[in-house]
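One structure is given here, and the rest of the page talks about it.
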Amino acid sequence: MSDQPNTPAPEQPGVEQTRIGVDSWVAESEDRQARTRGFFGPAARGWDASPDSVKLFLFIAVAGTLPFWMNAGDLFIYGLFTVLYATLGLGLNVVVGFAGLLDLGYVAYFGIGAYGYALVSSDHYGIHWPTLAALPALTAFTGLVGLLLGFTSRRLVGDYFAIVTLFFLQAFLVFTNTANPDIAGVGLTGGSSGIGNLDPLKFFGYALTSVKQQYYFFLAVLVLATAGLYFANRSRTGRAWRALREDPLAAEVMSIPVNRLKRLAIVMGAALAGLCGGIFAAIQTAVTSSNFTLNVLIFIFAVVILGGLGSIAGPILGAIVINVSFQFLQPQNDHPDIKRWLFYGAIVLFVALMKPWYRAVVVLGGTLAFGFAVHAIVSATAATSWTGGAVTDTGHASVGKAIADWVVIPNQTLHGGFDTYAYIGLVVLVCVVRSTSGWWRSLILIPTLYMTAVVWETVLAPSPAVTAEILFGVLLIVIMTARPQGLIGTARVEIV
Amino acid sequence: MHPLLFSIIDNIRSLGWGGAFQLLRNGLVLGSLYALIALGYTMIYGILKLLNFAHGDVYMVGAFLGYGILTRLNGPLNLAIGIVPAIALMFAVAMAGSGVLGVAIERFAYRPLRNAPRIAPLITAIGVSFFLENSVQLLTNGYQYTYNPFELGKTGTEELGPLYHTVFSVAGNPVTTVQLFVVGAALLLMAALVLLVSRTKFGKSMRATAFDREAASMMGIDTDRVIAITFFIASMLAGAAGVMFGLYLGVTYYFMGFLAGLKAFTAAVIGGIGSIPGAMLGGLIIGLVESFAIGYVGGQWSDIVIFGLFILFMLFRPRGLLGSRAIQKV
């Protein structure tokens with residue numbers, strides 16, 4: 001690390017950075033005061049004052065009511081999946097957030113757990129272990145796999161570990177999907193079609209078959225994992241992990257067993273992922289390797305990073321925000337207009353957070369006026385095909401009409417290359433906005449926001465699944481460069 | 001003995017010397033592509049100690065830029081200009097475009113995190129890679145696009161275009177123009193890079209920045225500029241590799257950068273990360289191993305063989321073949 005100079009990075013407006021040479025209590029005092037003022041002040045004070053156990057019980061109380069007012073389908077995609085991603089996020093947080101190791105093979109443990117459950121609880125080999133034996137065995141087995149991979153981490157600092165684990169994930173995918181070796185006359189992993197007809201979770205002769213039962217079971221697992229990690233984080237081991245994350249070399253000098261702690265973190269994360277995999281497989285009643293791709297990995301990373309690396313509540317909050325918005329973007333769960341409200345709502349919120357307030361007003365008003373002006377110019381000078389494109393999936397016809405009068409949507413079949421140029425243009429504009437400041441930035445923000453709307457209506461909204469993946473990539477970049485502590489983590493303050 | 005071993009021996013017997021030559025030839029061509037990408041990894045790692053996950057995707061974007069130029073020139077069958085200027089134009093645009101993309105990535109994703117904890121730029125790099133991959137998927141609808149290189153510049157009744165003419169044969173196994181071209185162009189680019197790094201003043205400031213950024217900036221070297229130019233050169237090489245891949249194997253698709261990047265990084269590590277000759281050597285080794293694994297073991301196992309090789313190197317010689325022993329300074 002010696003080659004990293006200690007000079008502070010040039011101050012960038014609007015970018016919260018690690019502040020060097022300031023005591024954390026002093027640095028955060030303004031934020032603390034601001035939190036207890038204003039309309040939500042009392043609520044924020046009460047939240048800060050209540051002990052962590054109360055917060056957890058509040059979460060359980062709210063989460064426990066979901067099955068009473070959601071139908072089974074909604075409960076499955078909004079409830080169960082959120083709990084799944086929260087649990088997976090907690091496990092990843094142990095490795096990435098506590099110990100500071102970039103584990104990119106995390107989804108492979110999840111997959112090993114799922115495939116393990118499929119092998120010991122289905123007709124594939126005719127083995128039917130009781131759930132109470134299968135889940136602990138899987139958890140132990142994935143932990144062991146993590147341990148084996150962790151042995152390589154002794155030599156591997158940082159990036160090497162990341163690439164070894166990423167390669168491990170790739171090898172796992174190839175192994176399950178393509179290689180599929182014959183064992184006892186049957187392909188071990190069932191190739192691309194996977195393994196189906198898995199046994200449901202069954203405890204003492206009582207099978208969990210309805211979504212409601214499965215949700216409560218998974219919620220219990222999440223609560224137990226949260227509590228366990230809460231105590232682990234506050235224990236001596238947890239403090240040692242933080243020391244290791246901040247500076248491995250200094251930690252080693254302080255006689256902290258660095259390698260053993262790294263392995264412990266990897267094993268704990270892997271075991272939790274394996275357990276999730278087993279439960280996930282039982283709930284889905286099938287496993288295929290498409291459930292464990294890089295996309296899932298990025299999803300879990302987005303969950304952990306949005307919530308805040310190293311915090312316990314972070315992954316849960318991240319899972320709620322990301323899973324719910326992700327499910328809204330899915331084409332099969334389409335609610336009329338909701339994508340559009342989310343999108344324009346996010347833009348307005350983004351602008352409204354600008355300081356001072358009149359700048360936000362200027363930018364919003366300017367964007368509206370700019371849009372109408374561009375639309376008027378284009379429809380007056382160019383062929384009608386340039387504004388003749390259809391607005392996709394409108395709930396209310398009036399909303400679609402208003403959008404079509406404001407955003408330039410060319411006819412896709414006549415102007416095929418438009419989407420590519422608009423998209424690249426938007427990326428360039430965003431880069432320009434990033435490198436300007438002050439009123440110039442606000443000025444360039446106006447066409448940028450309008451361009452965002454154009455690209456959204458012409459390119460992004462018609463293919464929401466890929467849009468979600470793009471947004472995850474952007475989220476990782478934006479959070480790491482602008483707010484590395486995530487939503488509820490605390491900013492790092494280096495004391496020199 | 002395991003049935004897989006039997007099948008390997010069977011394959012070696014049935015393919016014979018001719019088959020072995022084909023595998024060697026394919027491995028060399030593939031290896032020079034990996035070497036070009038690996039050079040970028042090694043340069044960026046050397047100067048920033050950052051594993052640039054997005055590098056494989058820059059290579060993919062390069063391949064698409066080449067494809068875009070090819071279609072703007074009316075496609076491979078009725079090129080608007082001659083085949084040599086057309087290929088030169090494809091290379092020029094792809095290299096310039098990828099280079100600019102690399103500089104933009106460095107400027108907006110990595111530079112704000114220059115002094116952040118090590119894990120932050122790594123996560124950003126994954127984000128950039130994912131962003132590029134999915135943006136291209138969005139704009140290409142996830143389709144594969146083919147260069148149709150065997151038709152490139154084809155005239156009249158010819159069966160194959162000039163790129164697929166046989167230059168010479170070894171025991172009845174043809175070596176085509178495009179294969180020679182890929183290996184030759186890769187060697188040329190590598191030679192230019194070695195000269196740049198070892199002989200020019202810029203190369204000297206690059207080496208100084210890689211050695212110790214703080215000291216280099218105290219000596220009056222604009223390290224930010226040096227890093228940006230390094231990204232430009234590294235991404236340029238990746239873009240060139242992308243066009244070569246398109247001309248050699250024909251297809252380009254949004255996901256091609258992921259595996260190629262992973263293998264090229266393996267190549268850089270096996271050769272010794274931070275070492276330029278090491279990246280070339282590692283690239284050739286990975287290309288040959290992959291080609292022979294496909295021929296003798298089976299295509300579905302080749303990735304797993306490379307992964308195994310990588311793990312072995314990590315366990316027993318983490319500094320690679322030509323790398324210097326890393327000493328952690330306090």
Side-chain angles (χ1 to χ4, degrees), chain A residues 1-9 12 15 17-18 96 100 102 104 152 155-156 158-160 162-164 166-168 170-171 174-175 178-181 245-246 249 294 298 301 305 309 419-420 423 427 431 434-435 459-460 463 466-467 469-470 472-477 480-482 484 492, chain B residues 3-4 45 49-51 53 104 107-109 111-124 126-135 137-139 141-142 211-214 217 258-259 262 265-266 269 273 298-301 303-304 306-308 310-311 314-315 318 326 328-330:
Chain A
M1 302 301 270
S2 67
D3 48 328
Q4 302 204 342
N6 273 327
T7 46
Q12 284 186 343
V15 181
Q17 288 181 328
T18 309
V96 183
L102 191 60
L104 296 179
T152 58
R155 298 260 182 114
L156 310 179
D159 325 359
Y160 286 83
I163 205 84
V164 165
L166 185 60
F167 227 136
F168 175 67
Q170 182 59 29
V174 172
F175 182 81
T178 331
N180 186 22
R245 175 188 70 194
E246 296 304 320
L249 203 57
L294 199 66
I298 303 289
F301 259 93
I305 285 164
L309 275 175
D419 48 0
T420 308
Y423 190 86
V427 174
C431 288
R434 277 285 287 163
S435 45
V459 195
L460 296 175
S463 39
V466 187
T467 302
E469 313 287 342
I470 293 177
F472 289 146
V474 173
L475 184 85
L476 291 192
I477 304 170
M480 287 326 283
T481 49
R492 282 164 50 94
Chain B
L4 195 62
Y45 194 90
K49 303 287 172 287
L50 167 74
L51 169 50
F53 279 107
R107 170 69 185 78
F108 294 103
R111 194 177 294 179
L113 295 169
R114 209 41 67 77
N115 297 311
R118 189 83 172 261
I119 201 166
L122 274 179
I123 293 174
T124 318
I126 298 170
V128 174
S129 157
F130 208 62
F131 170 74
L132 287 179
E133 235 162 57
N134 285 293
S135 300
Q137 183 187 7
L138 181 80
L139 298 177
N141 293 316
F211 188 73
D212 189 331
R213 197 160 73 229
E214 201 177 2
S217 69
F258 174 70
L259 257 189
L262 214 52
F265 182 77
T266 309
V269 170
I273 195 120
Q300 73 270 37
W301 291 103
D303 290 351
I304 294 178
I306 294 177
F307 176 60
F310 182 42
I311 292 285
M314 287 282 67
L315 287 177
Q328 210 173 8
K329 290 171 284 185
V330 187

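In what follows, chains are A, B, ... by sequence order, proteins preceding strands, each numbered from 1.
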Task: chain A contact via B:L259 - which portion, at a heavy-atom distance below 4.5 Å - done: side chain

Open item on the list: Is there a side-chain contact (heavy atoms from CB on, under 4.5 Å) between B:F310 and A:I163? Walk through the geometry before answering.
Closed with: CA-CA 10 Å; B:F310 182 42; A:I163 205 84; 3.3 Å; yes

Task: Separation between CG of A:L104 and CZ of B:F53, rounded to the nearest 0.5 Å - done: 5.0 Å

Task: Residue selection (most heavy-atom pairs with chain B, distance under 4.5 Å) from A:V96, A:I305, A:T467 - done: A:I305

Open item on the list: Going by the rule ring pair (Phe, Tyr, Trp, His ring centres under 6.0 Å), which residues pair with B:F258 if we only count those two or more places apart in sequence or in a different chain?
Closed with: B:F255

Open item on the list: Just so I understand: if I count every heavy-atom pair under 4.5 Å between each of B:L262, B:V269, B:L113 and chain A, which residue has the most?
Closed with: B:L262

Open item on the list: Taking side chain as everything from C-beta outward and backbone as N, CA, C, O, which of these in B:F108 sits under 4.5 Å from a heavy atom of chain A? Side chain, backbone, both or neither.
Closed with: both

TODO: Using non-hydrogen atoms and a 4.5 Å limit, figure out which bit of A:E469 sits close to chain B: side chain, backbone, both or neither.
DONE: both

TODO: Fit a plane to each ring of B:F131 and A:Y423, take the angle between them on a 0 to 90° scale, and name the class: parallel (under 30°), tilted (30 to 60°) or perpendicular (over 60°).
DONE: parallel

- [ ] Name the member of A:C431, A:S463, A:G100 that forms the most heavy-atom pairs with chain B at distances under 4.5 Å.
- [x] A:C431

Task: Segment of B:T266 engaging chain A (4.5 angstrom heavy-atom cut-off) - done: side chain

TODO: Rounded to the nearest 0.5 Å, what's the gap from CZ on B:R107 to CZ on A:R434? Could you check?
DONE: 7.5 Å

- [ ] Rounded to the nearest 0.5 Å, what's the gap from CD1 on B:I119 to CG on A:L102? Could you check?
- [x] 5.0 Å

Open item on the list: Quick check for you: to the nearest 0.5 Å, what is the distance between B:L138 atom CG and A:T420 atom OG1?
Closed with: 9.0 Å

Task: Any B:I311 side-chain heavy atom under 4.5 Å of A:F167 side chain - done: no

TODO: Compare every heavy atom of B:F307 with every heavy atom of A:A171, then report the nearest pair and how far apart it is.
DONE: CB-CD2, 3.7 Å

- [ ] Mind listing the closest non-hydrogen atom pair of A:I477 and B:A109 along with its distance?
- [x] CG2-CB, 4.3 Å

Task: Between CG on residue A:D419 and CG on residue B:N141, distance to nearest 0.5 Å - done: 8.0 Å

Task: Rounded distance [0.5 Å steps], CD1 in A:I298 versus CD1 in B:I126 - done: 6.0 Å

